[in-house]
Structures are given as structure tokens and as C-alpha cells.
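See below for the structure under consideration.
Heavy-atom basis, side chains included; hydrogens, waters and symmetry copies ignored. Computed from a predicted model, the values in this text were never measured in an experiment. In what follows, chains carry the letters A, B, and so on, assigned in the order in which the sequence lines appear, proteins first and then strands, with residues in each chain numbered from 1.
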2 protein chains.
Amino acid sequence: MRVVIAKCSVDYDGRLTAHLPLATRLLMVKADGSVLVHSDGGSYKPLNWMSPPCTMAEVAPEADEADEGVAAVWVVRHTKSDDRLRVRIHEVISDTAHDLGVDPGLVKDGVEAHLQALLAEHIHTLGDGYALIRREYMTAIGPVDILCRDQSGITVAVEIKRRGEIDGVEQLTRYLDLMNRDPLLAPVTGIFAAQQIKPQARTLAEDRGIRCVVLDYDALKGIDTTEHRLF
Amino acid sequence: MRVVIAKCSVDYDGRLTAHLPLATRLLMVKADGSVLVHSDGGSYKPLNWMSPPCTMAEVAPEADEADEGVAAVWVVRHTKSDDRLRVRIHEVISDTAHDLGVDPGLVKDGVEAHLQALLAEHIHTLGDGYALIRREYMTAIGPVDILCRDQSGITVAVEIKRRGEIDGVEQLTRYLDLMNRDPLLAPVTGIFAAQQIKPQARTLAEDRGIRCVVLDYDALKGIDTTEHRLF
DNA sequence: CTATGGATCTCGTAG
DNA sequence: CTACGAGGTCCATAG
């Protein structure tokens, strides 16, 4: 990976046309030829970039560019589309390169989908006698995470979040309103299940008759591990 | 901006839990405290990151971390949520900082919205006698870019793209199907307008009776400039 | 291979 | 401020 700190202007032409006026920025050239132009703020999104597969060539500036003080020009072209990036470098402040090797990559864990799968598999976590009807139960306004029955046979809609906040309660409320208008389903009660439940969300949920359940992710995973060990 | 090349492992805990095994990576610390962890490939998205507003603190490793060869630990915490990032640095290969100043920011040009405004202003580009009804004409399935009438008074729905591809034709087709079911609007014809129209898109459009118009962005802008000069 | 939906989405704009 | 839609979306998975 090559990292250059330089005073530069950048022009992109592809899906849209965009221009970055002259300023000092960080330019990152990755092993696959992709280029990122970062400023000293904002989010993780670069000001401008070229995604792989693409090729990067350092060329001499045109006459008019040289007149304006351009020392070097990077021409980056996408291999498939005709997107192109032109980086006009006026002054190089730093230019270094390092061999990083191939990255082993990110390991994700504990996403909502995983929580949902674990809870569906161990639905008794919600209480004795609970029985799964199905995951991702479709309604007109979207899928309910889990639909199940409690010990008395009442239908229960479960909304799962890693972090239980107000918008999750609102979402579940909309599902419950809709489902309770369906005579084939009604009455339907709700459970708001999350690893953490914010006090405001808990208050709102309980005020609406929605039960709150705090999920212990490690415990759910532990049950899983134990069961797998039995085989 | 601080740029560090280091052998490190990273753990994120927030909306999800994620882990990056030990490897050499680029760490970028921006002026607002935000941190980006980049590998030497992939897209512009970092492997892991913390968005502003957040704070970054360099602390001594725990005893068990020190035993595993951790030289320093970065603790990055989001100011509003309790998202946190822990970067365990085993070996620093490079550590530099540069003052980039405030970036003047990206200037976008030629986006679909601008094309739409220009074409609406110069609707006669589509042919003599064309008259604008309105931009962003709302339908149940979304807004039609431009609705106008041709010289014979027939309603025309115009879909605008910078690059005309098949999905744009499909989009316009859906609008036309819907609008032609409305007796107050029908009959409605379609125009697919773009700076470039891919052969497949043109074939599909014309097969469906949709007229294709290639827009000359610079010419439309030129008309604009000329008119402004008149005042 | 393409199609589809989620995202630690980000980013703008309208209300 | 929040809500909503678009993105040079990116990204994984399913088919």
C-alpha cells in the first residue's frame, strides 16, 4: 500500500462529474490499484475514490496543467466501465509504501440475524410452553422477527434488537396494531427482546403492554455449544 | 491527520461485535478523533472504523494483552452511543502526522437532479411544442422525473438518467403502466432521456414504444449560460 | 452469472 | 430536529 500526503486537485468523471479544489489530502493506493482520497474529517467515506478493478498510471502534466503548478498527474481508470479519476498533484509532502500482506478479514458476530436464529432455536427462553410458529413472519408492512405461541396458546410477535431503543418498540407496535386487526390472528401480544433495553424504550413498551426480555447472547450461544457437544 | 502502519488486532463492539485478527494494517486517525482501519484491498470501506463524534485514547495494555505481545492499545469510544473500538498494537511500522487543514469539499456536477432541472427548463429540447406539466410528478410507486405534453397535447412521462441502462427503462415502464391505467391521464407515452444510452436499453425501450433521447449536458448548460448573460 | 435485501450504511434534503 | 430517499452505494447470500 502506498500512502501519499499531497496538495492536489481531483476530478472524477463517471456516474457523475465531481471536482475537488486544490487542498492537502491523503491519497491511498491499494495493492489492487484502487485509489482513495481522504480529507481530515468526515466519515469513513473518502471524498473521492476509484474502486477495483482499475489501473493507476502516473503521467506527466499537460502543458496548461504544468503552467498551473501541477507536478504530476495520476490517471486512474476503471477496467470495466469508463469511470476515470484524474489527480493533479501540485506538491508531495510525503510518499511512503508498505507491504501489508493479505488481510485475514473481519469476523462478525452477534448480528440481529444470529440473535434471531438462536432465540428461534431456544424459544423456551421466553418462558415455559412457548412454541415457535415461524421466523420472519411476513405482514403487509414487513416481516415480524419471530411469531410464536405462549403456554396458553396466545399468538406472540417478537421483535429482536441488539440494542432495544424506542424505534424498535414503535416497529413492534405497528406490527401488533396490524395483526390485531386480523380476526384470524387476534389477539396478538408482543415481546420486545434485546441484549440491552434502554430505559425509555422499556417504559414505552411496558406502557403499551409489551413485555421486555433481555437476551443473554453468550448464554444462548452456550446452550448451542452444549447441545452440539452432545452429538 | 495521523497515519500509522502497524501490526494490530481490532475489536468492535456496538451495533454488532466484530474482530480483526492480527495483521499489518493502516490506521488513520482524523482530526475529529475518528479512526479508520484499512487493509491493502477491498473497496473504500475500511475493515473497521469509528465514526465521529468520538474520542481516542492510547492506553497501556492489560497484563494478559502485554503477555501476548501487545505494545499499546487504542480505545476509541463514540460520544453519543456506547460503541467502542479496541485496537491492540503489537508493532508500529510507521507513525506520522500531517496538518491537512479544512477541506474545501466536493463539488458535484451533472447529477441526475441537475440534468432534470436543465431539461425541465428547456423542455423544447424534446421537440417543438413540448410543454412542461411538472417535475417530480408523484405516482403511487414514486415520482416521475418530468411530466409534460407534446405538440398534440398527449401526456409524456420522461425518465432521466446520466447513463441509460435497462433498469431505467424498466422504471419508466412501471410508471407508464400505472399512469395508463388512470383514465384521467391516459394515454401517456414515454421518453427515456440520458447522456448515454446503452444499446440493450435502447432496444428494450424502443421495443416498448418508448422514445430515446440523448441529452447533451454541455449544450443544455450552454443555453443556460447564454440566457443568464441576457439579463 | 444475476437478483435481492441489509448496512456499524453515508449523505443530502424536505418538512 | 427528524423522516425519507438516493448512492459512483458496498456487501453477502440465494437462486
Side-chain angles (χ1 to χ4, degrees), chain A residues 10-20 34-39 41-54 76-78 80-85 105-117 136 138 142-143 145 160-163 165-167 170-171 195, chain B residues 10-20 34-37 41-54 76-78 80-86 105-117 135-136 138 141-143 145 160-163 165-168 170-171 195-196 200:
Chain A
V10 184
D11 283 275
Y12 166 73
D13 197 72
R15 302 285 186 93
L16 57 78
T17 304
H19 174 71
L20 281 171
S34 59
V35 176
L36 281 61
V37 181
H38 269 278
S39 65
S43 67
Y44 65 72
K45 198 179 176 186
L47 293 167
N48 225 324
W49 73 93
M50 185 61 72
S51 307
C54 63
V76 190
R77 279 176 201 281
H78 197 264
K80 305 258 173 178
S81 69
D82 55 356
D83 289 32
R84 53 211 156 85
L85 201 64
L106 190 70
V107 183
K108 286 186 185 184
D109 191 20
V111 298
E112 188 184 314
H114 199 183
L115 271 177
Q116 187 193 108
E136 300 284 351
M138 272 312 293
D145 288 337
I160 301 171
K161 293 287 174 201
R162 182 173 161 86
R163 288 184 184 172
E165 300 181 16
I166 283 188
D167 62 343
E170 296 291 3
Q171 191 180 344
Q195 284 186 274
Chain B
V10 183
D11 283 274
Y12 166 74
D13 196 72
R15 305 286 187 88
L16 55 78
T17 304
H19 174 71
L20 280 170
S34 60
V35 176
L36 280 63
V37 181
S43 67
Y44 66 71
K45 198 179 175 185
L47 292 167
N48 224 322
W49 73 93
M50 184 62 71
S51 306
C54 64
V76 190
R77 278 177 202 280
H78 198 264
K80 306 258 173 180
S81 68
D82 55 354
D83 287 34
R84 53 212 155 85
L85 202 63
R86 192 177 184 85
L106 190 69
V107 182
K108 285 188 183 181
D109 191 20
V111 300
E112 187 185 314
H114 199 184
L115 271 176
Q116 188 193 109
R135 288 169 58 186
E136 301 283 352
M138 272 311 295
I141 55 171
D145 288 336
I160 301 171
K161 293 286 176 200
R162 185 172 159 89
R163 289 183 182 173
E165 299 180 16
I166 283 186
D167 61 343
E170 296 290 5
Q171 191 179 344
Q195 283 187 274
Q196 303 180 331
Q200 287 186 342

Rounded distance in Å - [atom1] ([X]) to [atom2] ([N]):
| X | N | atom1 | atom2 | value |
| --- | --- | --- | --- | --- |
| A:R163 | C:dA7 | CZ | C1' | 15 Å |
| B:N48 | D:dC10 | CG | C1' | 16 Å |
| A:E136 | C:dG6 | CD | C1' | 11 Å |
| B:L16 | C:dC9 | CG | C1' | 11 Å |
| B:D11 | C:dT8 | CG | C1' | 14 Å |
| B:D83 | C:dA7 | CG | P | 14 Å |
| A:R15 | D:dA6 | CZ | C1' | 13 Å |
| A:L106 | C:dA7 | CG | P | 14 Å |

Are there over 12 heavy-atom neighbours, none belonging to B:R77, within less than 6.0 Å of that residue's CZ? no
What's the gap between C:dG6 and C:dT10 when it is taken at their C1' atoms, as a whole Å value?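 Rounded to whole Å, the distance is 14 Å.
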C1' gap between C:dA7 and C:dC11, integer Å: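 Taking atom C1' in both C:dA7 and C:dC11, they lie 14 Å apart.
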Between CH2 of B:W49 and CG of B:L85, what distance do you get to the nearest 0.5 Å?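 One finds 10.0 Å between CH2 of B:W49 and CG of B:L85.
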Look at all strands and tell whether B:M50 reaches a base, only sugar-phosphate, or nothing, counting heavy atoms closer than 4.0 Å. nothing
Quick check against the 3.5 Å criterion: does A:R15 have a side-chain atom that pairs as donor or acceptor with the backbone of B:R162?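 Looks like no, no N/O pair under 3.5 Å.
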Whether each nucleotide of nucleotides 10-15 of chain C has a protein heavy atom under 4.0 Å at its base (B), only at its sugar-phosphate (S) or at neither (-) is summarised, 5' to 3', as SS----
From CA spacing to verdict: side-chain contact (heavy atoms from CB on, under 4.5 Å), B:I160, B:R135: CA-CA 11 Å; B:I160 301 171; B:R135 288 169 58 186; over 6 Å; no
Taking 4.0 angstrom as the limit, do B:R86 and B:D13 come out as a salt bridge? no
Taking the side chain as C-beta and beyond, is there a heavy-atom pair between A:L20 and A:V37 under 4.5 Å?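 When only atoms from C-beta onward are counted, A:V37 and A:L20 do touch, with a gap below 4.5 Å.
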By side-chain contact (heavy atoms from CB on, under 4.5 Å), which residues pair with B:E170, not counting sequence neighbours? B:I166, B:R174, B:L204, B:R208
